[in-house]
Amino acid sequence: MTGAPGDAPGSVLGGVLAIAVAQGHGVVLDETGAVVVPPAPLAALVEQVRALEASRRPRWVWWRARETARPLVEAGVHLARCWDVGEVHRLLAGGAAADPGSAWAWTHRLDPGAQPVASEPDLFAFGTDVPAQDPEALTTPEGYLRPDAVASTWQAAPQAGPHRLVDWARAALHVARAQQALVTEAPQPGSAGGSRRDPRRLLGTALSESAAALLCVELEVGGLPVDRQAVTELITAAAGPRPRDEAEAIGIRARRDQAVLAHVPGRERTDLRNPLQVKDLLATVGVHVDNTRKWTLAAHRGSHPVVEALLTWRKAERIATTYGWHWLDQHVGPDDRLRGEWTACDGGAGRMTAASGLHNLPAELRPAVAAASGHVLVRADLGQIEPRVLAAVARDAAFAEATQADDLYSPVGTELGVERPVAKVAVLAAMYGQTSGSAGEALKRLDRAYPTAMAYLHRAYDAGVRGDPVVTWGGRLVPMWQGELSEGQRSARGRFARNAVIQGAAAELFKAWAATVRAGGRPLGAEIVLCLHDELLVHVPAEHADAAVALVHRSLDEAARRWTGTDRVRFVADVSVVRRWSEAKG
DNA sequence: GATTTCACGTA
DNA sequence: CGTACGTGAAATCC
């Protein structure tokens with residue numbers, strides 16, 4: 001394993017430059033902590049960073065991409081490689097915390113729960129939670145990083161503020177070094193489930209998670225291209241025309257409601273947005289349900305016309321409230337790009353998250369996601385990612401053999417002596433714990449045919465039931481919630497743990513893939529515009545479409561080999577060139 | 001005003 | 001007793 005793309009072997013943190021940005025200023029230090037770029041206003045810093053990127057191609061070390069890289073990305077600077085202290089902290093410590101104080105505390109083996117709390121920076125220069133002390137001190141007497149370390153100095157002494165950035169960058173470098181030492185020493189906090197943290201894999205994950213953090217900043221700044229004309233038509237169809245004022249909005253809403261209420265004379269005053277009232281309403285027409293959820297109502301479609309009307313209303317109401325005019329105005333910029341906040345890693349198993357509806361855009365609206373003129377979207381879906389990941393992380397040779405097929409459920413079915421759909425249900429049941437289907441007999445055969453893969457899942461489940469943390473293939477610690485739990489709750493924790501080692505590992509491979517595409521797409525002008533768990537959307541000039549398709553495939557091979565450490569498990573991507581996201585679903 | 005519940009979209 | 005996420009409206013808690 002050689003880490004992120006472009007790395008020379010053995011030069012993990014070599015060629016490091018530490019950078020910090022705050023209050024419109026920034027500094028750059030070399031790996032010894034010596035000042036390379038003294039405190040400078042942002043505009044000047046941007047030019048220096050651009051030059052350093054070109055001449056040294058460093059690995060940039062920063063506390064968090066969101067604060068440090070964002071202004072650089074906004075200025076159009078491309079940064080190839082980084083070490084994101086916050087993201088590496090998430091990987092090593094588990095959980096969602098990625099702030100400097102937590103990372104500092106963890107590498108200094110301090111209890112993160114006892115950290116001083118940040119005070120409001122605009123009230124007093126020094127909050128009551130930070131003991132009065134040397135205002136220049138970066139840490140509290142207990143050894144914690146002062147949460148107001150930079151902001152307070154700036155407020156107390158504006159002239160001294162920029163110089164304080166040097167200390168701040170030096171602290172980031174210090175923590176990054178400590179993290180790297182811990183990574184390469186491969187500590188094993190919680191070796192539950194038989195999992196140990198392999199130093200080389202952990203290092204590779206640290207680099208690809210860092211790359212993902214930077215990619216998230218680029219996704220936020222760049223946004224997702226949208227066809228305004230198309231999205232306007234789609235919203236109009238679902239939510240009605242854009243209201244000119246509040247009165248018109250109320251009228252449109254009332255007309256939408258009326259389509260349902262017309263079916264139930266005498267109950268026109270029912271609030272359709274109140275589940276209890278809807279339940280009452282249904283009871284009066286002889287439809288008795290425990291809840292008013294879509295799949296519950298769907299079973300009563302034939303009972304009364306109001307049910308169908310209600311289901312139609314729900315769909316329209318969904319678009320109107322969540323993806324309507326307000327959403328369009330709020331999240332789609334004048335440049336026709338849909339923007340939302342991105343997180344490289346959630347608090348659980350490690351998937352990327354996105355706000356502004358980027359990760360749950362209804363299929364109806366997807367035709368509106370379209371390439372800008374002269375461009376195309378290269379759409380790439382990983383096929384059957386989770387069972388393939390299972391084969392890799394469990395090191396199951398027999399199951400790995402099945403991944404050679406484009407459709408791995410076919411050879412698995414043959415091996416089990418069952419039809420392909422039965423094999424699929426059995427594999428999914430094994431990974432997710434589904435029991436509603438009748439996978440019983442096939443599950444037993446699965447245990448006999450692929451004992452290594454199944455044992456991996458059983459171990460994770462058992463660890464979860466016990467409350468022990470699990471560790472993903474790439475080395476992410478996934479803590480379990482604690483406390484006195486009922487048997488049912490312990491089982492739920494077991495299912496969570498079993499899911500976490502698969503979903504989390506898939507997320508790691510995905511991010512390694514995305515980072516590789518990002519690096520390789522640079523000469524093509526290719527821009528990753530959406531990451532959706534197992535799907536990538538790449539926006540690229542039309543003349544480079546074929547090259548981008550090849551890049552996506554090649555990057556998957558590279559990332560998979562690097563991440564799995566073997567070429568015996570095959571990963572496949574369905575890749576198509578489209579103008580609109582809705583086209584050519586794989 | 002903040003948190004919980006219900007509902008539903010995506011993978 | 002699949003898992004996870006983000007969002008909005010209403011109910012509920014303080």
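Hydrogens, waters and symmetry mates are skipped; everything else that's a heavy atom, side chains included, is used.
Whole-Å rounding puts the A:His326 NE2 to C:dG8 P distance at 6 Å. What separates CG of A:Leu338 from P of C:dT7 is a distance of 11 Å, to the nearest Å. The distance between atom CZ of A:Phe510 and atom C1' of B:dT10, rounded to the nearest whole Å, is 13 Å. One can place CH2 of A:Trp327 at 17 Å from P of C:dG6, the figure rounded to the nearest angstrom. Taking atom NZ of residue A:Lys279 and atom C1' of nucleotide B:dA7, one finds them 14 Å apart after rounding to whole Å. When rounded to the nearest whole Å, the span between CD of A:Gln277 and P of C:dA9 equals 16 Å. What separates CG of A:Leu532 from C1' of B:dG9 is a distance of 11 Å, to the nearest Å. If you take CZ of A:Arg351 and P of B:dA11, they are 10 Å apart, rounded to a whole angstrom.
Under a 4.0 Å N-O distance rule, the pair A:Arg66/A:Glu220 qualifies as a salt bridge. Here A:Glu87 pairs with A:Arg90 in a salt bridge; the nearest charged N to carboxylate O distance falls below 4.0 Å. Looking at A:Asp257 and A:Arg273, a side-chain N of the basic residue comes within less than 4.0 Å of a carboxylate O on the acidic one, giving a salt bridge.
The side chain of A:His533 sits closest to B:dA11 out of C:dA10, B:dA11, C:dG6. Distances from the side chain of A:Pro275 to the nucleotides C:dA4, B:dA7, C:dA9 place B:dA7 closest.
At most 12 non-hydrogen atoms from other residues, nucleotides or ligands lie less than 6.0 angstrom from CG of A:Asp290.
A sub-4.0 Å separation between OP1 or OP2 of C:dA11 and a side-chain N or O of A:Asn274 is present. Side-chain N/O atoms of A:Arg273 include none lying less than 4.0 angstrom from OP1 or OP2 on B:dT5. For A:Arg495 and C:dT3, the shortest distance from a side-chain N or O to OP1 or OP2 is below 4.0 Å.
Among the atoms of the strands shown, none is found under 4.0 Å from any heavy atom of A:Ala349. Residue contacts for A:Ala354: at a heavy-atom cut-off of 4.0 Å it reaches the sugar-phosphate backbone alone, with no base atom in range. Looking at heavy-atom distances under 4.0 Å, A:Leu361 makes contact with sugar-phosphate atoms alone, never a base. Using a 4.0 Å heavy-atom criterion, one finds that A:Gly488 contacts the bases of the nucleic acid, with or without backbone contacts as well.
Here the options are A:Arg256, A:Lys294, A:Arg253, the test is salt bridge (Lys or Arg N to Asp or Glu O under 4.0 Å), and the partner is A:Glu317; only A:Arg256 passes.
Residues A:Val389 and A:Gln503 have side chains not in contact (no heavy-atom distance under 4.5 Å, counting atoms from C-beta outward).
Between A:Gln489 and A:Phe496, the residue anchored closer to the 5' end of DNA chain C is A:Gln489, taking for each the nucleotide with the nearest heavy atom.
Aromatic pair A:Trp481/A:Phe496: centroids less than 6.0 angstrom apart.
Relative orientation of the A:Trp342 and A:His359 rings is perpendicular, given thresholds of 30° and 60° on the angle between their planes.
Taken residue by residue, residues 280-318 of chain A places heavy atoms nearer than 4.0 Å to DNA chain C at A:Arg318.
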